[in-house]
Amino acid sequence: MSETREHWSNSLGFVLATAGSAIGLGNIWKFPYIAGQNGGGAFVLIYLICIAIIGLPIMLCEITLGRRTQKSAVGAFRMLSPKRSHLANFIGFSMIFTAVALLVFKQYGWAVVMLMLGGMIIRFGWTSVGIIGVFTGIIILSYYSVVGGWTIGYIIKAFSGKLNYVTEQAAATQFNAFKFGLTRVIVLQIGFILLCALIIVRGVRNGIEKWSKILMPLLFVLLIILILRGLTLPGATKGVNFLLSPDLSSLTAESVLVALGHAFFTLSIGLGVIITYGSYISREQNIFKSALSIVVLDTLMAIMAGLAIFPAVFAMGFKESAGPGLVFNVLPAVFNSIPGNMGWLWAGLFFILLAIAALTSGISMLEVAVAFFVDELKWKRNKAVVLTTAITILLGVFSAISLSNWDKIEWMHQALVSAFNIKSASFFDVMDTLSSNWLLPLGGLSIALFVGWIWGIRKAIEEIRHGSHNFADVHLISLLAGLKDDPSHNNANYHVLTLASIWGIFIRFITPVAVMSAFLHEIGWMSFK
Ligand code: TRP
């Protein structure tokens, strides 16, 4: 354990930084529009269930792995992995087998991906989970930063009075014109990545923690202001109902999968961000409580973002199912339709909010790769930041180009179409689908399997007990009954229904089965209909 490792100054620092990572474009941009497309309340309900049975348990795994090893993703797995793991070998060989099957179906691109992953797993065992995480962080940031750049552009537009249209039509036209201004989009994107880099380079306490402590409260205040504005409009209740009253008949198997994928994305789990942030916690903190606070904060912010957006959208008579453009093109029009001519202000505040959320998430993706170079290869932080920033920019530019002038990189388009059988999606979509639908759930599944079956729940719980004041050994039933402090209930000799044993059952069985069924459905081997 390195003596010089930087730590958060206290639990609040950790919780705010990690909530900063979790709360991002996923909550404020993506959640409202996928809720809008998937029928509102019922989708929200499924999403909440996914958060509880998959998100929270995996979040706790990642924090525990990080704090135990005091290492970032790759190092954590390397330290705790057994020399030889039959499960890892089995998974590795299954992937190679799958690759062969894919070849038969002429899915060459996917076959190569599977082959590489399988080979890596056989060679590096469980450590591959960390390695894949480092790549995934860069992949996500590469397209995330495009949207991050848009938010900065829209702040400028709002305050210079350029978002002054009132119809959806005009909004869409403007948004498209904006997207097609390629140079500007790329400059903004690079600006966004550089902002992340500037924060990261200052380190854990003076960079990530300091800025999270400033930006997160600001985010909260901005959101409250926007909610109050939205809720006080006549007709706002329709929006509230849309978001909060579930109509189960509108639910499809697809929406369940979308909800599951989003649960990973929104909590930043599955790629080692939380392992890395967890590695900066000292042993006196109650990680059970921290995990719960982070998950609750993230969920709360998503619901609040919905409450800031839908009441206004419904009150002003706009469509809720506008898709990815919902906040960029519909929202400014909605704000301008509000009487009082303050649309520029509401829009400006909203895009500041969005930019802040994106920034605190962006830095966390960069940190995974940076921490890898610092921990494993003993690089200086500055050098690591420069390299990862450069790689992200290089990869990210393709996403930016692909959203406007996809045909400018026709060779890449063609290559992707023939290799991955992706018809019309842009490079941006390919990166998004690859990471949110595949790499994150795969990472989350591996983390759960590793903690549940390889490292072991017993060792994990030993780690969680540090600083948690017996929280892990409290009986759920006694907790609910208000008997948490009754000494006879806290007998460590039997574990029935303690929080620890419930968590163990989730990690070993429920979470893996849930993620696995989603996968099987996705590749068409299982149907829920
Ligand atoms: N959770 C963030 C959001 O909701 C995005 C994010 C940050 C992320 N770090 C991540 C997603 C790591 C997956 C993995 O916008």
Side-chain angles (χ1 to χ4, degrees), residues 16-35 47 50-51 54-56 58-59 61-63 66 72-73 129-130 132-148 150-151 192-193 196 199-200 208 212 215-216 219 223 258-278 294-295 297-306 324 327 353-372 388 392 431-447:
L16 283 185
T18 313
S21 164
I23 299 162
L25 295 172
N27 303 59
I28 298 165
W29 165 66
K30 205 167 175 189
F31 174 74
Y33 90 70
I34 56 180
Y47 161 79
C50 290
I51 291 282
I54 298 173
L56 181 62
I58 296 184
M59 168 78 68
C61 282
E62 286 204 29
I63 301 180
S72 56
V129 183
I132 297 172
V134 170
F135 284 104
T136 314
I138 291 180
I139 292 178
I140 298 186
L141 185 56
S142 76
Y143 71 86
Y144 201 83
S145 56
V146 177
V147 186
W150 291 353
T151 63
F192 178 82
I193 300 178
C196 295
I199 295 180
I200 282 283
I208 305 174
S212 303
L215 295 176
M216 294 316 286
L219 184 97
L223 205 48
V258 174
L260 179 75
H262 190 64
F264 280 95
F265 189 84
T266 189
L267 291 176
S268 308
I269 53 179
L271 75 70
V273 162
I274 311 290
I275 300 182
T276 308
Y277 275 23
I294 295 160
V295 170
L297 279 176
D298 183 77
T299 310
L300 192 70
M301 289 299 221
I303 304 287
M304 282 172 62
V327 309
L353 172 91
L354 203 54
I356 292 176
L359 194 63
T360 50
S361 300
I363 57 180
S364 73
M365 301 173 203
L366 210 52
E367 178 64 18
V368 180
V370 169
F372 163 75
T388 44
T392 313
M431 293 293 110
D432 184 24
T433 310
L434 177 69
S435 47
S436 330
N437 294 9
W438 294 98
L439 295 173
L440 291 182
L442 198 65
L445 175 64
S446 316
I447 289 168

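One-based numbering, in listed order, for ligands and for the atoms of each. Here the structure is a predicted model, which is why all the values come from computation and not from measurement.
- The single protein non-hydrogen atom nearest to atom 2 (C) of ligand 1 is S21 O, 3.3 Å, given as residue, atom name and distance.
- Listed by number with element, the atoms of ligand 1 under 4.0 angstrom from any heavy atom of N27 are 4 (O).
- In the vicinity of V273, heavy-atom distances shorter than 4.0 Å reach the ligand 1 atoms 12 (C).
- At distances below 3.5 Å, not a single donor-acceptor pair connects side-chain atoms of T266 with backbone N or O atoms of H262.
- Each of the atoms 15 (O) of ligand 1 lies under 4.0 Å from some heavy atom of L25.
- Close approach of ligand 1 to S361 (heavy-atom distance below 4.0 Å) involves ligand atoms 2 (C), 7 (C).
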- Query: Taking it one step at a time, do S21 and S268 satisfy side chain to side chain donor-acceptor pair (under 3.5 Å)?
  - Reply: CA-CA 7 Å; S21 164; S268 308; 2.9 Å; yes
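- The distance from the CD1 atom of I140 to the OG atom of S145 is 11.5 Å, given to the nearest 0.5 Å.
- Per-residue contacts place S364 under 4.0 angstrom from the following atoms of ligand 1 (heavy atoms of the residue considered): 7 (C), 9 (N).
- Taking CG from D298 and CD1 from I51, the interatomic distance works out to 6.0 Å, rounded to the nearest 0.5 Å.
- The nearest heavy-atom contact from the protein to atom 8 (C) of ligand 1 is S268 OG, 3.6 Å.
- L271 CD2, 3.4 Å is the protein heavy atom nearest to atom 14 (C) of ligand 1.
- Of the protein's non-hydrogen atoms, the one nearest atom 15 (O) of ligand 1 is Y144 OH, 2.5 Å.
- Counting protein heavy atoms only, atom 13 (C) of ligand 1 is closest to L440 CD1, 3.6 Å.
- Taking CZ of F31 as the reference point, atom CG of L25 lies at 15.0 Å (rounded to 0.5 Å).
- Using modelled atom types, one side-chain atom of E62 and one backbone atom of G270 make a donor-acceptor pair closer than 3.5 Å.
- Among protein heavy atoms, atom 11 (C) of ligand 1 sits closest to F265 O, 3.2 Å.
- The closest side-chain heavy-atom distance from C196 to L359 is below 4.5 Å.
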- Message: Let's go through I28 and V327 carefully: what are the C-alpha distance in whole Å and the side-chain angles of both, what is the deciding distance for side-chain contact (heavy atoms from CB on, under 4.5 Å) to 0.1 Å, and is it a yes or a no?
- Response: CA-CA 8 Å; I28 298 165; V327 309; 5.7 Å; no
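- Taking every heavy atom of I140 and a limit of under 4.0 angstrom, the matching atoms of ligand 1 come to 13 (C).
- Nearest to atom 4 (O) of ligand 1 by heavy-atom distance, out of A22, G20, G137, G272, is A22.
- At distances below 3.5 Å, not a single donor-acceptor pair connects side-chain atoms of S436 with backbone N or O atoms of T433.
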